[in-house]
Amino acid sequence: MEASIIAITILWSFLYIYSMLGSLDFGAGFWGMIYGRKNNTGASLIANRFLSPTWEVTNVFLVLFVVALYSFFPFAAAMLGILFILPIGLGLVLLTIRTTFMVFSHSVKRYGRLLQVISGITGVLIPALLVSILPVTLGGFVTMNNGEPELLYGKLLTSFTTYAHILFGLCTQLFLSSLFLADYASVSNDQKAAQLYRKHAIMAGPVTIIVAVLTLFTLNHEASWFLANAEKQIYGFSMSLLLFLFGYAALFLKNSNGKRGLFRYAVIFVVLQYGFAIYAYGASHLPYMVYPHLSINEAFTNPSMFYALLLASFIGLTILVPAFVLFWKLFLKDKRYLQQ
Amino acid sequence: MYARALFGSSLVFHIIYATLGVGLPLIIILGEVMNLITKDRHYAIMARRITKGFAILIAVSIASGTIVGVLLSLLWPGFMEMVGQVIALPFLIEIFAFLIEAVFMSIYLYAADRLSSPMRLLSIVLVAIGAVGSAILITDAHAWMNTPDGFRIVNGEVVDVDPLDAFFNPSFFTTAIHVTVSAYMTAAFVMASVAAFKLLKRNKTNEERAYHMKGLTMALVLGAVMSMATAVNGHETAQMLHEYMPRKLAAAEGLFETRTHAPLAIGGFTDEESESVLFAIEIPWALSFLAGNRFDTEVMGLNEFPKDEWPPLFVHTLFNVMVGIGTLLLLYSLFLIAWKFVLKKSFKPWMLAGLTAGGPLAIIAIEAGWLFSCIGRQPWTITNVMKTTEAATRSNYVGLLFFLFIGLYIALLFITSFVLYTYFKRNPVIKDLKEG
């Protein structure tokens with residue numbers, strides 16, 4: 001495999017991890033807001049119990065993605081920096097408000113409700129901003145002005161495809177988070193909350209798939225290259241759909257408590273579903289980072305830095321594995337934490 | 001222009017929280033260790049309460065660190081292109097250190113009651129290692145900007161990249177130690193300030209006074225040790241500047257003519273017209289000695305460099321503020337320790353009042369030091385390789401973002417203070433002392 005392909009695969013894997021964790025994080029914030037005040041199930045409690053220890057780690061994966069992007073692909077800096085300064089800048093402001101307020105709400109209980117609402121609203125706005133970057137990279141929203149790229153904000157804001165992408169992002173987030181929280185509630189032995197989240201997952205699942213397919217039809221004619229590439233990845237996308245059906249079916253099977261929903265299986269299938277879809281999407285996107293102005297080979301770093309980074313990533317992740325295992329045991333498995 | 005203002009103010013804001021985020025874990029460790037040794041539960045309470053404050057500060061630190069990291073790539077695309085090719089390694093490793101910190105921070109915060117004492121100590125030690133590790137690694141990028149190494153430029157292209165040479169650039173070790181010990185020093189004096197402030201209040205019970213006195217003593221000893229280390233390291237830093245960044249040293253000292261037996265100018269203002277430092281106290285020969293351990297060391301003056309490559313001359317004041325406060329805090333903490341342990345006398349109110357200023361002063365010194373190091377490198381962003389103007393983005397939206405972020409920072413400064421105030425007001429130490 002070419003070095004630049006290895007690099008983009010690593011980068012893409014970080015994006016995959018962040019999109020999963022981010023969906024859970026922002027989604028949990030959203031559900032925490034919805035069920036914050038009046039609800040006799042522990043739905044909000046479950047969401048917050050998950051959020052408290054994990055948001056920080058999730059946040060680091062976002063930074064990891066950004067740093068890895070500029071480390072492996074330094075020549076992308078000029079174009080990406082100019083194109084996305086506004087959406088990313090606004091996203092940063094919102095992210096800061098969200099993370100700080102979330103922590104503050106633990107210390108100042110009196111303003112808990114206000115802080116919860118802020119965390120919920122930003123949990124919808126941030127992913128919307130982040131997802132709006134995707135259609136830009138597919139082509140049709142960038143002009144070159146004396147060699148300087150310029151993002152056509154007017155066109156982006158009035159294009160149907162932008163909103164289709166955003167809608168897809170939000171559906172994904174609600175689907176993944178409700179599915180995961182159903183599992184989390186079930187492990188925590190809160191069957192009521194589990195069934196509540198199961199209901200949302202059953203709704204959100206098919207809607208997400210439909211929105212995903214519809215989004216393909218909204219793409220600009222400049223993005224036809226992407227559709228042509230995507231047809232070659234048909235196995236990846238089909239596999240993804242198949243895994244979705246497995247995961248969705250698992251929601252209707254009876255678990256050991258006699259209630260419907262084999263949540264753990266459903267979560268695993270759906271995470272794999274997104275894995276196949278995201279890698280197939282990534283493969284279809286190659287060789288461009290921003291069509292047609294920037295390809296991965298143009299942006300790629302020098303070989304000696306590449307190997308140093310590769311080694312550093314490998315060692316770093318190896319050291320972190322036991323830490324993540326411990327983390328998993330303490331917050332996602334330990335009955336003493338889950339059932340307090 | 002806005003790019004510099006935005007990035008500069010983001011750093012000024014981030015540094016307050018980041019420094020405490022690096023320093024406080026050490027104090028929590030000390031509290032935990034003292035608790036294990038003395039079995040005095042005051043120390044356990046202390047560790048728990050500092051952890052509460054730390055959790056609030058670290059949230060802002062992580063958020064502003066994310067901002068700084070991402071803004072770096074948005075505002076300085078020219079610079080990032082170079083960074084990515086040559087000095088990407090510490091950035092990437094920094095994230096792994098950051099992950100260790102984040103994971104064990106959550107474990108220490110939310111699982112402390114389910115861990116054995118050694119495991120709990122290990123988690124906070126790992127938090128401290130992660131914190132100091134990421135600080136050192138990110139400072140490595142800063143050190144490399146000061147003393148770039150590990151590549152050559154041929155026809156405007158970067159060639160012959162050696163990532164390890166870049167990583168271990170000439171100023172790496174001195175700068176890394178400088179950042180570490182000064183962060184510990186700052187956290188110690190901030191804690192001493194709080195304890196001194198509490199001790200000055202009259203309405204405290206004897207037990208509360210004993211509790212605060214223990215905190216004060218611990219912080220004072222740590223502060224003295226760390227200021228001493230900072231001073232020793234400051235001397236090494238001066239020699240490093242002399243060897244690799246003579247232009248910065250000349251600007252710091254307002255020295256125009258190259259000479260041996262150069263004097264050290266303290267205070268005053270550098271005057272370009274008369275090529276001297278006005279109203280300064282001069283210590284003859286001292287600068288030469290600092291730079292090379294010998295009075296006949298030749299120190300380069302600003303006139304050796306083209307005038308359009310001079311940094312702004314007010315860096316002399318920033319340098320003085322940093323060194324002045326550092327020295328003052330070192331002497332004052334040594335004096336207080338001698339007063340208490342050698343003369344065996346108790347502190348007078350005015351001594352405590354003086355100490356309350358220690359924390360804010362230490363933070364001012366840290367800010368002055370960073371500003372000095374970054375402004376003193378101007379007009380270069382990477383010394384002798386890339387000018388700041390070449391590195392900046394040409395986006396039109398930076399002005400808008402500038403005002404947005406400034407608003408955010410001001411709001412957060414107020415809100416953090418409010419949250420800390422409210423939390424500790426509602427959970428006074430007396431409550432912990434009665435319960436625990």
Side-chain angles (χ1 to χ4, degrees), chain A residues 52-54 56-57 59-64 66-75 77-82 84-86 88-90 92-93 95-97 99-100 102-104 106-108 110 148 301-302 304-305 308-309 312-313 315-317 319-320 323-324 326-327 330-331 334 336-337, chain B residues 52 55-56 59-60 62-67 69-71 73-78 80-86 88-89 91-96 98-100 102-107 109-111 114 126 158 161-164 393-395 397-398 400-401 404-405 408 412 415-416 419 422-423:
Chain A
S52 298
T54 51
E56 211 174 318
V57 178
N59 186 74
V60 182
F61 273 98
L62 174 64
V63 190
L64 177 63
V66 173
V67 168
L69 171 62
Y70 288 105
S71 302
F72 284 116
F73 298 98
F75 297 101
M79 180 166 294
L80 299 183
I82 289 187
F84 300 125
I85 192 164
L86 212 52
I88 301 277
L90 292 176
L92 279 177
V93 173
L95 191 65
T96 305
I97 294 175
T99 48
T100 48
M102 233 158 61
V103 174
F104 292 167
H106 276 280
S107 304
V108 192
R110 186 148 50 114
E148 297 263 341
T301 189
N302 53 69
S304 47
M305 183 52 81
L309 291 171
S313 312
I315 297 174
L317 289 173
I319 293 175
L320 277 166
F324 285 132
L326 181 66
F327 191 79
L330 284 170
F331 297 115
D334 192 338
R336 284 174 294 171
Y337 182 70
Chain B
K52 277 288 173 199
I56 292 167
V60 184
I62 288 174
S64 59
T66 308
I67 291 179
V70 178
L71 275 189
S73 34
L74 291 178
L75 295 177
W76 311 106
M80 280 314 279
E81 209 170 290
M82 184 84 78
V83 161
Q85 293 175 73
V86 189
L89 208 47
F91 276 100
L92 191 67
I93 306 177
E94 191 256 356
I95 306 301
F96 292 116
F98 192 11
L99 264 177
I100 290 186
V103 166
F104 285 97
M105 185 64 210
S106 289
I107 290 179
L109 272 182
Y110 296 103
R114 288 177 284 144
L126 285 168
V158 175
V161 173
D162 185 333
L164 284 185
T393 179
R394 286 172 291 274
S395 166
Y397 299 102
V398 185
L400 170 73
L401 288 179
L404 209 57
F405 276 100
L408 179 71
L412 278 180
I415 297 172
T416 356
V419 170
T422 319
Y423 178 80

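No hydrogens, no waters, no symmetry mates; every other heavy atom, side chains included, goes into these values. Below, read A as the first sequence line, B as the second, and so on, with proteins coming before strands; counting in each chain starts at 1.
Between A:M305 and B:G84, the closest heavy-atom pair is CG-O, 3.6 Å. Of all the heavy atoms in B:A111 and A:L330, the pair that sits closest is CB-CD1, 4.1 Å. B:S106 approaches A:F327 most closely through the heavy-atom pair CB-CE1, 3.6 Å. In plain terms, the two heavy atoms of B:A63 and A:T99 that are nearest each other are CB-OG1, 3.5 Å. Scanning all heavy atoms of the two residues, the minimum distance from B:E81 to A:P74 falls at O-CB, 3.5 Å. Of all heavy-atom pairs between A:A323 and B:F104, the closest is CB-CE1, 3.8 Å.
For the side chain to side chain contact (heavy atoms under 4.5 Å, CB included) test, residues two or more places apart in sequence or in another chain that qualify with A:I319 are A:I315, B:I100. Take A:V66 and apply the side chain to side chain contact (heavy atoms under 4.5 Å, CB included) test, not counting sequence neighbours, and it matches A:Y70, B:V70, B:S73.
With respect to chain B, the highest number of heavy-atom pairs below 4.5 Å among A:T54, A:L62, A:I82, A:L86 belongs to A:L86. Contact tally against chain B (heavy-atom pairs below 4.5 Å) for A:T301, A:T100, A:L95: the top residue is A:T100. By number of non-hydrogen pairs under 4.5 angstrom with chain A, the leading residue of B:V158, B:L71, B:I67 is B:I67. When each of A:I85, A:I88, A:L80, A:L64 is scored by its heavy-atom pairs under 4.5 Å with chain B, the top score falls to A:I85.
The parts of B:L99 that come within reach of chain A are both its backbone and its side chain, each placing non-hydrogen atoms under 4.5 angstrom from that chain. B:I107 touches chain A through backbone and side chain together, each having a heavy atom under 4.5 Å away. Of the two parts of A:F73, neither the backbone nor the side chain holds a non-hydrogen atom closer than 4.5 Å to a non-hydrogen atom of chain B. Using a 4.5 Å cut-off between heavy atoms, B:F91 contacts chain A through both its backbone and its side chain. No part of B:L126 comes within reach of chain A, as not one of its non-hydrogen atoms sits under 4.5 angstrom from that chain. For B:M105, the part sitting under 4.5 Å from any heavy atom of chain A is the side chain, from C-beta outward, and nothing else. In this structure, the portions of B:L92 lying under 4.5 Å from any heavy atom of chain A include both its backbone and its side chain. With a threshold of 4.5 angstrom between heavy atoms, B:S64 does not approach chain A through any atom at all. Only the backbone of B:V86 comes within contact range of chain A, with at least one heavy atom under 4.5 Å from a heavy atom of that chain. Contact annotation for B:L400: only side-chain heavy atoms (C-beta onward) come within less than 4.5 Å of a heavy atom of chain A.
Here the straight-line distance linking atom CG of B:L412 with atom CD1 of A:I97 works out to 7.5 Å at 0.5 Å rounding. Here the CZ-CD distance, from B:F98 to A:E56, works out to 7.0 Å after rounding to the nearest 0.5 Å. Annotation: the span from B:L404 atom CG to A:L90 atom CG amounts to 6.5 Å, rounded to 0.5 Å. Taking CZ of A:F331 as the reference point, atom OH of B:Y110 lies at 8.5 Å (rounded to 0.5 Å). Going from atom CZ of A:F84 over to atom CG of B:L74 covers 10.5 Å, rounded to the nearest 0.5 Å.
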For side-chain contact (heavy atoms from CB on, under 4.5 Å), just list the numbers for A:L309 and B:L89, CA-CA rounded to whole Å, side-chain angles, deciding distance to a tenth of an Å, and then say yes or no. CA-CA 6 Å; A:L309 291 171; B:L89 208 47; 4.1 Å; yes

Report the C-alpha separation of B:I95 and A:F61 in whole Å, then their side-chain angles, then the decisive distance to 0.1 Å, and conclude whether the side-chain contact (heavy atoms from CB on, under 4.5 Å) test is met. CA-CA 8 Å; B:I95 306 301; A:F61 273 98; over 6 Å; no

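When atom types are taken as modelled, the side chain of A:S304 and the backbone of B:V161 share a donor-acceptor pair closer than 3.5 angstrom.
A donor-acceptor contact closer than 3.5 angstrom links the side chains of A:N59 and B:T66.
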